[in-house]
Each structure stands twice: as C-alpha cells, then as structure tokens.
Amino acid sequence: MVWLNRLLFIFSLLFCSSNLFSNELNNDEEMYFNFVDLNNDDQISLLEINQSISLIFQIVDFNQDGFISKVEISELKNIIDSLR
C-alpha cells in the first residue's frame with residue numbers, strides 16, 4: 001500500500017500542500033513529482049498520471065493476472081520492509 005500512500009501524497013501535494021504559498025517543492029515533493037513526470041518536461045499530464053498508475057499496478061501484480069491480491073500486497077510489503 002506504499003504506492004497508494006505515495007499516490008495520495010501526490011494529490012495532497014497538488015491540492016493541500018503546507019507549502020501552498022511557496023514557489024519551491026521540498027525534497028519529498030520533488031521526488032514524487034519527478035516519479036510521475038515521465039517525460040521530464042516539468043509538467044504532469046493526465047496521461048502521465050495514468051501511465052504511472054499502470055506501471056505501479058504492473059509492478060504490484062506479480063503474477064500478471066490483471067488483479068492485485070492480498071497475497072501480492074503482502075509480498076510487496078515484505079520486500080519494502082526488507083529494504084529498510
């Protein structure tokens with residue numbers, strides 16, 4: 001669910017940032033922005049958001065059956081925990 005948290009963070013960044021009146025992004029905001037800005041043009045299009053979600057889905061769907069199961073979420077969680 002980390003990917004979902006990051007995606008939600010991106011949307012909160014766009015609409016509810018604590019730096020709402022700041023012209024600069026903090027390090028986390030910059031990282032998430034760059035993750036979604038697939039063509040590196042410093043703009044995020046709806047197509048890039050959809051492509052990012054699709055990529056995340058493909059990564060989490062280990063057996064590539066078009067569905068994300070609880071087992072796959074659990075496996076992803078174990079991988080992420082082992083990287084910490």
Side-chain angles (χ1 to χ4, degrees):
M1 298 309 282
V2 172
W3 60 271
L4 182 58
N5 289 339
R6 289 182 179 169
L7 189 58
L8 291 174
F9 177 80
I10 291 169
F11 290 116
S12 67
L13 158 71
L14 297 174
F15 298 110
C16 305
S17 176
S18 61
N19 296 326
L20 189 59
F21 300 105
S22 173
N23 291 332
E24 296 183 20
L25 301 178
N26 67 33
N27 290 339
D28 285 342
E29 294 166 340
E30 185 79 28
M31 179 183 66
Y32 294 127
F33 185 92
N34 291 335
F35 176 78
V36 177
D37 181 21
L38 298 173
N39 64 0
N40 298 316
D41 67 352
D42 289 330
Q43 298 177 340
I44 297 174
S45 68
L46 180 57
L47 178 61
E48 288 173 313
I49 290 173
N50 289 335
Q51 288 173 332
S52 297
I53 292 170
S54 179
L55 288 170
I56 292 167
F57 189 92
Q58 290 174 26
I59 290 168
V60 176
D61 184 17
F62 293 121
N63 64 4
Q64 300 297 303
D65 66 353
F67 299 95
I68 297 175
S69 68
K70 291 179 183 180
V71 171
E72 288 167 324
I73 293 292
S74 180
E75 289 176 22
L76 178 64
K77 186 176 174 182
N78 291 336
I79 291 169
I80 292 169
D81 288 344
S82 71
L83 296 174
R84 292 182 181 175

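Count residues from 1 along the sequence. Please read these numbers as outputs of a predicted model, since none were measured by experiment.
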Sorted by chain and residue number, the side chain to side chain contact (heavy atoms under 4.5 Å, CB included) partners of N40 (sequence neighbours excluded) come out as none

Q.
Hydrophobic cluster membership, with links at side-chain heavy-atom distances under 4.5 Å among I/L/V/M/F/W/Y: are F57 and I73 in one?
A. yes

- In the single-linkage hydrophobic clustering (I, L, V, M, F, W, Y; side-chain heavy atoms under 4.5 Å), do V36 and I53 co-cluster? yes

Applying side-chain hydrogen bond (donor to acceptor under 3.5 Å, both in side chains) to Q58 and not counting sequence neighbours gives S54

Interatomic distance, CG@N34 vs CG@D42, rounded to 0.5 Å, equals 7.5 Å

Taken to the nearest 0.5 Å, the spacing of N50 CG from L46 CG works out to 4.5 Å

Q. Are any non-hydrogen side-chain atoms of L47 and Q51 less than 4.5 angstrom apart?
A. yes

Sorted by chain and number, sequence neighbours left out, side chain to side chain contact (heavy atoms under 4.5 Å, CB included) with I79 holds for F62, L83

Closest non-hydrogen atoms of E29 and E24, given as atom of the first, atom of the second and distance, are OE1-O, 4.4 Å

Taken in chain and number order and not counting sequence neighbours, the residues that satisfy salt bridge (Lys or Arg N to Asp or Glu O under 4.0 Å) with D41 are none

Shortest non-hydrogen pair, Q43 vs E48, comes out as O-OE1, 2.9 Å

If you define the side chain from C-beta out and look only at heavy atoms, does anything of I56 sit under 4.5 Å from F35? yes

Please tell me whether L38 and F33 are part of a single hydrophobic cluster in this structure, the criterion being side-chain heavy atoms less than 4.5 Å apart. no

With sequence neighbours left out, the residues meeting side chain to side chain contact (heavy atoms under 4.5 Å, CB included) with N63 are D61, D65, E72

